Structures are given as structure tokens and as C-alpha cells.
There are 2 protein chains.
Amino acid sequence: MEKKETKEIKEISQAVIGRLPRYFRYLGDLKDEGVERISSQELSERMKVTASQIRQDLNNFGGFGQQGYGYNVEYLHVEIGKILGLDTEHRMVLIGAGNLGQALVNYTNFEKRSFLFKGIFDNNPALYGKLIRNFPVMPMEEMCDFVRENQIDIAVIAIPKEGAVKVAEQLVNCGIKAIWNFSHVDLNVPEDVQVENAHLSDSLMKLSYNIGRYNKENGVKQ
Amino acid sequence: MEKKETKEIKEISQAVIGRLPRYFRYLGDLKDEGVERISSQELSERMKVTASQIRQDLNNFGGFGQQGYGYNVEYLHVEIGKILGLDTEHRMVLIGAGNLGQALVNYTNFEKRSFLFKGIFDNNPALYGKLIRNFPVMPMEEMCDFVRENQIDIAVIAIPKEGAVKVAEQLVNCGIKAIWNFSHVDLNVPEDVQVENAHLSDSLMKLSYNIGRYNKENGVKQ
DNA sequence: GAAGTAATGTCAATTATTTGACAGGTAATT
DNA sequence: AATTACCTGTCAAATAATTGACATTACTTC
């Protein structure tokens with residue numbers, strides 16, 4: 001009786017979703033600058049996208065603006081934050097306490113945005129007990145229980161690719177529904193588990209491609 | 001006389017370029033597994049994309065395959081590597097010797113792929129001289145000369161957003177033509193400077209969105 | 001409070017990307 | 001040597017994303 005037609009939810013394209021964090025970032029900056037309102041035109045100039053795209057994107061989620069006025073910066077910032085799920089607390093575990101993993105945990109900014117590390121795991125006994133931002137590194141064997149007992153909803157995988165696929169499978173068995181993956185391999189998980197890849201070397205290769213292309217097009221010598 | 005029609009170069013879409021590193025990765029894995037040849041059909045099943053897309057993508061760069069045979073794994077791996085510019089040495093500097101910066105320098109895998117850090121800079125005097133993977137941290141003031149004298153072609157920016165835009169401008173003035181940007185802000189550089197953003201928190205927000213969407217669609221309670 | 005101006009939300013047109021289909025070659029098999 | 005099965009490169013169709021245009025509404029000014 002409480003359940004309505006389930007097909008109400010319009011699927012938003014990943015292209016749009018991929019732009020939301022950028023909008024959020026720009027609105028945050030505007031807010032910090034003390035800007036109260038902004039039109040799609042002004043924002044488009046700052047962000048170097050078309051005004052039409054901004055209006056189109058925002059309209060996927062409802063009418064946030066007002067004709068003749070534009071968008072209220074603070075309100076829009078909050079609303080996009082909600083859309084992105086930044087108003088709910090996310091409890092994370094780190095798998096892999098290497099350089100990158102430590103950097104992520106120490107990355108205080110995530111905290112402001114409601115992403116909280118709750119535990120750190122590694123399979124290197126030399127690290128057990130070591131404190132990283134007040135969290136002791138724990139052995140992998142304890143991961144599963146910890147995830148279950150602490151309402152963890154995101155696992156961050158920062159281990160070499162060799163072990164990553166297996167660890168992801170374990171995590172899925174522990175009930176994890178979201179993985180932020182820094183290992184250089186694609187994970188194999190069921191459909192109901194969300195994976196976001198942060199393949200840093202892919203990103204670097206793209207840069208390398210664009211350097212080469214520019215040099216070729218402009219006859220730059222190596 | 002040596003200059004031909006400059007319009008020969010077909011512009012490849014960023015959508016295609018974005019997929020190249022993934023092809024490269026899968027081909028490397030196949031090579032390691034000892035697989036000699038592969039058809040677009042088989043590869044498509046592994047990668048979970050359509051075979052048509054693979055053939056279309058590869059064909060942007062030339063005919064690498066053979067009818068009735070498929071693609072030679074090793075050959076294709078090498079060729080895509082060349083397209084991505086992995087056959088040329090890239091000399092990099094790190095700006096910002098914080099946790100993330102150190103993690104990137106220590107990230108040995110980049111080396112195999114011809115991306116070499118040559119110098120590290122920070123504006124924190126407490127770090128000057130500190131060795132990170134045998135490189136001493138140098139003061140920012142020396143950055144420009146170093147870049148010029150050591151044929152640096154990529155600058156990696158891993159500092160808080162407050163200083164990033166200004167540092168990017170400095171780097172451009174020093175002649176840098178490519179920036180790998182980890183700061184949470186968009187840089188403002190001339191058209192001939194390539195920027196690749198690695199906005200980690202954007203990535204995390206996307207994950208957060210997808211968690212929320214899944215939960216909504218499936219009526220999962222928080 | 002009326003007139004003018006600004007700026008959204010939305011529809012339609014355009015452009016880009018992805019998918020499907022198949023002709024024509026290549027290799028394997030008999 | 002002929003036949004069959006395989007698989008690419010490419011073209012055309014289908015789908016998706018972006019842009020432009022404008023009717024409509026809200027704000028601002030006089």
C-alpha cells in the first residue's frame with residue numbers, strides 16, 4: 001500500500017552524475033567567496049561549459065532555480081550535496097596500509113564531507129598495531145567481522161592488483177555494497193555492489209597520450 | 001616542402017582515449033597469462049564491452065587485426081603502448097611532498113612505464129633535504145630552474161587547492177606543458193598545456209551517489 | 001503597480017557515440 | 001585444392017548527449 005509505482009525513478013546518466021561533484025565544488029567556492037546568487041550564464045563562464053548544459057543537468061533533479069533571479073548558491077550547494085549523498089555518514093575501511101592507503105586516511109578533507117575511516121587492514125604482520133591517524137593496523141583476518149560489526153558501507157582497496165580481486169570477493173561475502181578501488185585491476189563483483197575505480201595510472205596514460213598528440217599536431221620534437 | 005596537409009590527423013574523441021589504458025591493461029594481463037591471440041569477441045567478454053566497440057576503437061589507429069585470426073596480443077599491447085606514448089620517457093617533478101605526493105613518488109610501478117620522477121618540491125622548510133626515494137625535497141624557489149634544466153615534461157601537483165592555481169601558473173611560466181593535477185580545484189592554463197585531473201574526492205562522491213541511488217531504487221533503509 | 005529586463009525550464013535540433021550487420025579476407029580442415 | 005568456419009574493418013542505423021531557441025515567469029526599477 002505504501003509502495004508506489006517503482007518506475008517513477010528516472011535513470012540519470014553517468015555523464016550527468018560525473019559532473020555533479022564539479023558543480024558541488026564550484027558552488028562551494030562561490031559560497032566561500034560570499035556570492036549569494038548565480039545565473040547559469042555566469043556559472044557557465046566560470047566552469048567553461050554551456051549554460052544550457054547546466055540548466056539541463058540540474059533539471060534532472062528538480063527546479064532549483066528561479067526565473068529572473070538564477071540559483072541561490074547556498075541552497076543549490078546543499079541540494080547537490082544531498083543528491084550526492086553527502087548528508088549521510090559513510091563509514092569506511094581501508095584495505096592496504098601502504099603509502100597510498102596512508103595518504104588516503106590522512107586526507108582530512110574527506111572527513112568534512114562525512115566520509116569516515118573506521119578501520120585499517122593489511123596482511124603485513126610488521127604493520128599490525130601501527131597507528132595511522134590513531135587507528136591501529138589490523139590483520140586481514142579480522143576484516144570481515146569488523147565490517148559486519150561496525151556498519152561499514154565503503155571499502156577502500158589500496159593493495160597491489162595481485163590480491164585485489166580476491167579481497168574484493170571476500171569483502172562482498174562480508175556484506176560490503178560499495179568499493180572504492182585504487183588497484184590496477186577491474187574487480188568482479190555482483191550487480192548490487194557499487195564500484196568506483198580510481199585507476200591512477202590510467203589517468204597518467206591519458207595525459208601521456210594528450211602530450212604526444214599535441215606534439216604531433218604541432219610538430220614539436222621530442 | 002616537407003610540410004604536408006596538416007589536416008590529415010583525425011581527431012580521436014576523448015571517449016576513445018579514455019578506454020585505451022584499459023585495453024592496455026587487459027592486453028598486458030593476457031600477455032602475462034601467455035595468451036598469444038585474441039578475437040574482439042573473446043576480449044569483449046572479458047572486458048564486458050561490445051566487440052563492435054573494440055573493433056571500432058582500435059580501428060581509429062589502424063588495422064591491428066587479421067580476419068580469421070583476431071589480434072596478436074603482444075603486438076597489440078606494444079602498439080597501444082606506443083599510441084599512449086609509453087615508449088617515450090617522461091620526466092616528472094612532484095610539487096607537494098605531503099602524504100599523497102610521497103605515495104606517488106614511492107609508487108614504483110610508474111617507473112616500469114617510463115614515468116620517472118626527477119625532483120620533489122615543497123614550500124615547507126621543515127621538509128627541505130628530506131629524502132623521499134633518494135630525492136631530496138627542494139624549496140619551491142628552485143622549481144623553475146630545475147624544470148628548465150632537467151627537461152621536465154610533466155608536473156604533478158599534490159598540494160592543497162589554496163596554492164594550486166598559482167603554482168600551476170608558475171609552472172606554465174617555467175615552460176611546463178603537462179600537469180597531472182591532484183588538487184581539488186581546476187587549473188587555469190593556456191590551451192597548449194595539457195591537464196589531467198585526478199580529483200579523488202570527485203570520484204568518492206560519485207560512489208556515494210551510486211550507493212544512494214541503489215538504496216533508493218531497492219528500498220534499502222539507511 | 002506597471003513596464004522592462006533577466007533568466008529559468010523545456011522542447012526540438014544537432015551532434016556524438018554506440019551498436020548491429022555484413023562483405024570480404026584469412027586460416028584451418030578435409 | 002576446395003570447403004568451411006572464423007573474424008576483421010567498415011558502413012549504416014540506433015541511441016545518447018549536447019546545444020540552441022524560446023515561451024513563460026519572477027524580479028527590479030521607476
Side-chain angles (χ1 to χ4, degrees), chain A residues 8-23 26-27 30 35-80 83 206 209-210 213, chain B residues 8-23 26-27 30 35-80 83 206 209-210 213:
Chain A
E8 276 173 33
I9 302 160
K10 180 173 53 178
E11 191 79 4
I12 311 289
S13 80
Q14 286 292 320
V16 174
I17 296 158
R19 285 191 291 265
L20 289 181
R22 188 152 179 264
Y23 291 133
Y26 274 78
L27 288 163
L30 283 164
V35 178
E36 246 182 39
R37 63 182 246 195
I38 193 158
S39 68
S40 58
Q41 179 62 39
E42 289 171 288
L43 189 55
S44 80
E45 281 157 19
R46 274 208 181 218
M47 297 186 65
K48 288 170 191 158
V49 298
T50 62
S52 187
Q53 180 163 77
I54 293 174
R55 294 203 297 276
Q56 189 93 297
D57 282 351
L58 296 180
N59 217 241
N60 280 295
F61 304 97
F64 297 122
Q66 227 162 2
Q67 287 156 325
Y69 174 87
Y71 300 89
N72 179 287
V73 169
E74 182 151 7
Y75 173 68
L76 190 55
H77 185 248
V78 170
E79 288 305 311
I80 294 180
I83 292 165
K206 255 195 282 178
Y209 174 87
N210 284 320
R213 177 173 63 171
Chain B
E8 274 173 35
I9 301 160
K10 180 173 54 177
E11 191 79 3
I12 311 289
S13 81
Q14 287 292 321
V16 173
I17 296 159
R19 286 191 290 266
L20 290 180
R22 188 152 180 263
Y23 291 133
Y26 274 80
L27 288 163
L30 284 164
V35 178
E36 247 182 37
R37 62 181 248 196
I38 194 159
S39 67
S40 58
Q41 178 61 39
E42 288 172 288
L43 188 55
S44 79
E45 282 158 17
R46 274 208 180 218
M47 296 186 65
K48 290 171 189 156
V49 297
T50 62
S52 187
Q53 180 163 75
I54 293 174
R55 295 204 296 277
Q56 190 93 297
D57 282 351
L58 297 180
N59 216 241
N60 279 295
F61 304 97
F64 298 122
Q66 222 164 7
Q67 287 156 324
Y69 174 85
Y71 299 88
N72 179 286
V73 170
E74 182 152 8
Y75 173 69
L76 188 55
H77 186 247
V78 170
E79 289 303 311
I80 294 181
I83 292 166
K206 255 195 282 177
Y209 173 86
N210 284 320
R213 177 173 63 171

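None of the values given here were measured: they were computed from a predicted structure. Every chain is numbered from 1, with letters handed out A, B, ... down the list of sequences.
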Within this structure, what is the [atom1]-to-[atom2] distance between [X] and [N], rounded to whole angstrom?
X	N	atom1	atom2	result
A:Ile17	D:dA16	CD1	C1'	14 Å
A:Asn59	D:dT25	CG	P	15 Å
A:Ile54	D:dT18	CD1	C1'	13 Å
B:Gln67	C:dT26	CD	C1'	7 Å
B:Leu58	C:dT18	CG	C1'	15 Å
A:Gln66	D:dT28	CD	P	10 Å
B:Asp57	D:dT8	CG	C1'	14 Å
A:Met47	D:dT19	CE	P	13 Å

Quiz item: cation-pi between B:Arg37 and B:Tyr69, 6.0 Å / 45°: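 Ring-cation test returns yes.
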A:Arg46 to A:Tyr26, cation-pi by 6.0 Å centre distance and 45° axis angle: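 Relative to the ring axis of A:Tyr26, which defines the angle, A:Arg46 lies outside at least one limit.
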Which nucleotide in C:dT18, C:dA7, D:dT8 has an atom nearest any side-chain atom of B:Gln56: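 From the listed options, C:dT18 comes nearest.
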Closest to the A:Arg55 side chain, choosing from D:dC22, D:dT28, C:dT26: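 That would be D:dC22.
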Heavy-atom pair of closest approach, residues B:Tyr71 and B:Arg55: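 Shortest heavy-atom contact: OH-CG, 3.8 Å.
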Distance (rounded to the nearest 0.5 Å) between B:Ile38 CD1 and B:Glu36 CD: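 If I round to the nearest 0.5 Å, the distance is 12.5 Å.
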